There are 2 protein chains.
Amino acid sequence: MKFERKDLPVGTPVVGMVGGGQLARMTQEAAIALGIQLRVLAEGPTVSAAQAVADAPVGDYRDPETVRRFVAEADVVTFDHEHVPTDLLRALESEGVKVRPGPDALVHAQDKAVMRQRLDTIDAPAPAHQVVASRADVDDFAQRIGGFPIILKTTRGGYDGKGVWVAKSVDDPAVDEAFAADVPILAEEKVDFVRELSAIVARSPHGQAVAYPIVESVQVDGICVEVTAPAPGLSPDRAAQAQQTALKIAGELGVVGILAVEMFEARDGRLLVNELAMRPHNTGHWSIEGAVTSQFENHLRAVLDLPLGSPAARAPYTVMVNVLGGDVEDMHLGLLHCMARDPGLKVHFYGKAVKPGRKIGHVTAYGDDLDEVRERARHAAAYLTGTIDE
Amino acid sequence: MKFERKDLPVGTPVVGMVGGGQLARMTQEAAIALGIQLRVLAEGPTVSAAQAVADAPVGDYRDPETVRRFVAEADVVTFDHEHVPTDLLRALESEGVKVRPGPDALVHAQDKAVMRQRLDTIDAPAPAHQVVASRADVDDFAQRIGGFPIILKTTRGGYDGKGVWVAKSVDDPAVDEAFAADVPILAEEKVDFVRELSAIVARSPHGQAVAYPIVESVQVDGICVEVTAPAPGLSPDRAAQAQQTALKIAGELGVVGILAVEMFEARDGRLLVNELAMRPHNTGHWSIEGAVTSQFENHLRAVLDLPLGSPAARAPYTVMVNVLGGDVEDMHLGLLHCMARDPGLKVHFYGKAVKPGRKIGHVTAYGDDLDEVRERARHAAAYLTGTIDE
């Protein structure tokens with residue numbers, strides 16, 4: 001590493017983050033402010049976060065020796081993604097490494113079957129679900145919950161809509177596709193929902209926890225495209241219920257760091273847990289400008305067992321819209337128009353080359369008037385993406 | 001460099017900043033968000049900003065070839081300090097390098113005699129002043145303005161109270177000390193002031209400019225220790241006058257980037273320009289959390305000729321207090337208490353080893369009640385510094 005302990009002021013915390021995506025990149029903004037030295041185990045020499053930190057060794061997070069070397073001098077190791085093998089994390093923990101979140105918590109974000117089973121035992125509300133191993137299992141499950149359509153998901157490895165299928169009947173080609181994935185498959189009730197919500201909490205090793213305001217997220221083809229904080233029209237009771245569910249999950253599972261609980265607000269009134277993530281999450285990016293303490297800062301504070309910062313909102317409404325790759329290759333050209341049009345707009349680029357549909361950045365607007373704030377954020381994202389030209 | 005253009009997304013702006021202090025370090029936070037690649041010409045391999053950027057070559061900013069090599073691939077070169085020789089900057093500019101601020105502007109922040117002369121020609125209000133070359137000159141100047149005490153300053157190279165003396169008589173040893181400095185000396189009226197104010201503006205090459213709210217700064221022994229935004233009790237007319245003075249100076253001098261104009265609010269009612277700085281400034285650190293767009297982001301936007309962001313305040317009051325090195329060597333130990341006491345506190349550490357009196361960080365608090373906000377920020381700075389223990 002370029003920066004060893006002797007090169008840093010006495011007491012400087014050193015945090016190793018496995019994965020060099022935009023979550024690590026944005027974590028670096030918070031680390032710089034707090035005087036924390038963030039190191040990244042990068043997938044390649046030029047990935048998003050490698051551009052933004054002093055030490056970003058390239059290595060395979062599945063290789064035990066690589067990961068061991070990476071964490072050797074760090075105070076704590078944490079994650080930009082959930083793909084590090086659980087067994088490797090267990091081995092590191094048994095060797096005395098502070099793995100945060102630890103493998104016993106993280107496995108619930110890695111394996112959806114484990115997660116569903118565990119949430120059932122703590123009475124966290126969830127869609128009906130069952131691990132299925134055959135077409136007959138799929139049919140049985142569908143009949144049990146009142147028929148098709150149902151959802152099929154890989155228990156491991158899915159993200160941004162990948163590894164998720166809707167099966168309209170037992171003969172749907174989606175069933176074959178799911179079983180071809182060669183990992184255990186989870187069947188779930190297709191929830192008829194009004195909207196999706198997300199509950200983000202931060203939790204420390206000593207058990208302190210804070211809950212961010214509940215947000216509304218809009219997903220298109222399984223990818224989060226827009227987040228509104230707080231979720232408009234959500235009653236205080238409902239919001240508290242969602243926060244309490246997330247805090248309970250964080251506590252019961254022993255999560256350290258940020259936990260994002262994605263939920264369905266079902267048409268029949270249920271509030272159901274959809275997915276868990278144990279890292280800063282797309283539905284929390286609004287907090288960079290929209291909250292007193294960003295999710296990235298609170299993730300760092302949590303993994304270092306520092307007291308957590310206030311998650312309170314700083315504005316009546318904050319709206320974040322993802323910037324997805326489109327036809328425009330040079331994203332910076334669009335800044336001239338967007339920044340001139342809206343001096344209050346906050347732009348975040350991830351240092352990622354444009355590919356169609358790839359998350360390459362996000363924009364945030366905040367203010368008193370929800371319609372106006374939404375228009376500002378949506379306009380900027382659409383303009384940068386190239387779907388509108390004025 | 002580790003990151004050449006080919007390693008970055010198409011259109012990524014590359015900004016070279018000369019100097020690796022905390023200003024460059026905090027600029028990196030804004031650069032990461034905007035997808036700007038910031039490179040730092042560092043004084044040593046482990047300086048403040050070198051810990052926080054991917055590319056921080058070490059080199060002497062006074063050496064033309066070193067600086068040429070550093071700026072070769074950057075879109076623009078800007079500064080963490082004002083010490084790069086004016087002639088070198090002129091040479092770079094004549095070679096086609098975008099130097100922002102340019103040498104014709106920057107010389108006014110480098111040389112106080114040039115600054116005073118130029119401000120006189122644009123009728124910017126200033127303390128009485130005169131370049132002095134002898135004891136007799138000092139005496140003549142003092143008699144002209146009504147007697148001692150007067151201020152003596154080196155025209156170049158002073159900062160944080162260094163290179164400034166108060167002479168109580170013509171025989172004061174301070175006079176000898178000043179002349180021993182071996183650079184031209186400026187004599188100035190010792191202004192009887194109520195308080196010090198600072199006007200920060202950002203200006204682009206195409207002439208767009210924005211003015212931050214006028215702040216009150218408290219200096220002890222020539223070092224800024226506390227800033228309150230906005231300056232309490234300053235009338236709107238007075239604030240507008242201060243902003244207009246700063247905007248006029250920025251325009252007349254052709255400043256690009258941040259210009260900080262430190263002013264005296266004199267007891268006789270005059271508002272007098274004390275010092276100029278052409279870079280993000282200690283009296284603007286409050287803007288990281290306190291303004292819609294931080295001074296660091298607006299500096300980057302200005303030097304890249306991007307439209308400027310709103311400088312509007314986000315809270316009724318924001319108070320920043322510097323954390324100076326004291327008896328405590330491990331500054332991070334104090335975080336436990338400070339963060340637990342105040343979940344809304346924002347801490348900034350610069351990655352600098354503790355030395356007595358050295359600026360090693362700052363804290364910011366904001367809110368509706370000035371007394372409470374001040375108490376929070378002052379308490380945290382004093383606790384971290386070690387001057388209080390509860």
Side-chain angles (χ1 to χ4, degrees), chain A residues 2-3 7-13 25-26 28-37 45-46 50-54 56 210 288-289 292-293 301 306-312 314-315 329-333 335-341 343-354 360-361, chain B residues 2-3 7-13 25-26 28-37 45-46 50-54 56 210 288-289 292-293 301 306-312 314-315 329-333 335-341 343-354 360-361:
Chain A
K2 196 167 159 190
F3 285 90
D7 303 318
L8 299 166
V10 172
T12 301
R25 183 182 171 104
M26 289 185 270
Q28 166 73 339
E29 297 174 41
I32 292 173
L34 291 175
I36 293 167
Q37 197 63 14
T46 65
Q51 297 165 27
V53 301
V210 296
I288 297 174
E289 294 90 2
V292 174
T293 314
R301 288 163 75 146
L306 287 167
L308 300 173
S310 165
R314 292 197 66 182
E329 196 183 8
D330 179 354
M331 301 301 293
H332 289 267
L333 285 177
L335 286 182
L336 281 169
H337 177 71
C338 291
M339 288 178 165
R341 184 183 193 266
L345 182 75
K346 304 313 292 182
V347 176
H348 298 260
F349 281 155
Y350 303 156
K352 291 189 158 184
V354 171
I360 52 163
Chain B
K2 196 166 159 191
F3 286 91
D7 303 319
L8 299 166
V10 173
T12 300
R25 183 181 171 105
M26 289 185 269
Q28 165 72 340
E29 297 175 41
I32 292 172
L34 291 174
I36 292 167
Q37 197 62 16
T46 65
Q51 297 166 26
V53 302
V210 296
I288 297 174
E289 294 89 3
V292 173
T293 314
R301 287 163 77 146
L306 287 167
L308 300 174
S310 166
R314 291 196 67 183
E329 196 183 8
D330 179 354
M331 301 301 294
H332 289 267
L333 286 178
L335 287 181
L336 281 169
H337 177 72
C338 290
M339 288 178 163
R341 183 183 194 265
L345 182 75
K346 306 311 292 182
V347 175
H348 298 259
F349 281 154
Y350 303 155
K352 291 188 159 184
V354 170
I360 53 163

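Here the structure is a predicted model, which is why all the values come from computation and not from measurement. So that the names make sense, note that chain A is the first sequence line, chain B the second, and so on, each numbered from 1.
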Under 4.5 Å from a heavy atom of chain A, the part of B:Val292 involved: both
Minimum-distance pair of heavy atoms, taken over all atoms of B:Gly35 and B:Pro13: O-CD, 3.8 Å
Check: A:Ile36 and B:Phe349 side chains under 4.5 Å, non-hydrogen atoms: no
Side chain / backbone / both / neither for B:Leu336 at chain A, heavy atoms under 4.5 Å: both
Nearest heavy atoms of A:Phe3 and A:Leu8, plus distance in Å: CD2-CD2, 4.0 Å
Chain B contact via A:Leu345 - side chain, backbone, both or neither, heavy atoms under 4.5 Å: backbone
Closest heavy-atom pair and its distance - A:Ala353, B:Pro9: N-CG, 3.9 Å
Toward chain A, the part of B:Ala50 with a non-hydrogen atom under 4.5 Å: both
When B:His337, B:Met331, B:Gln37, B:Arg301 are compared by non-hydrogen pairs under 4.5 Å with chain A, the top option: B:Arg301
Pair B:Glu289-B:His348, side chain to side chain donor-acceptor pair (under 3.5 Å): steps then yes or no: CA-CA 11 Å; B:Glu289 294 89 3; B:His348 298 259; 2.7 Å; yes
Which atoms of B:Tyr350 approach chain A - backbone, side chain, both or neither, heavy atom under 4.5 Å: neither
Interface residue of largest heavy-atom contact number with chain A, from B:Gly309, B:Ala56, B:Ala52, under 4.5 Å: B:Ala52
Interchain contact, A:Leu308 with chain B, by part (heavy-atom threshold 4.5 Å): backbone
Among A:His332, A:Lys352, A:Arg314, residue most engaged with chain B (heavy-atom pairs, under 4.5 Å): A:Arg314
Sidechain-backbone polar pair: A:Arg25 side chain, B:Ile32 backbone, donor-acceptor under 3.5 Å: yes
Portion of A:Gln51 that has a non-hydrogen atom of chain B nearer than 4.5 angstrom: both
A:Pro311, part contacting chain B, at a heavy-atom distance under 4.5 Å: neither
From CA spacing to verdict: side chain to side chain contact (heavy atoms under 4.5 Å, CB included), A:Val347, B:Leu34: CA-CA 6 Å; A:Val347 176; B:Leu34 291 174; 4.3 Å; yes
Side chain, backbone, both or neither of B:Arg341 within contact of chain A (heavy atoms, under 4.5 Å): neither
Side-chain donor/acceptor of A:Thr293 to backbone N/O of A:Ser310, under 3.5 Å: yes
Chain B contacts, top residue of A:Ala31, A:Pro307, A:Ala340 (heavy-atom pairs, under 4.5 Å): A:Pro307
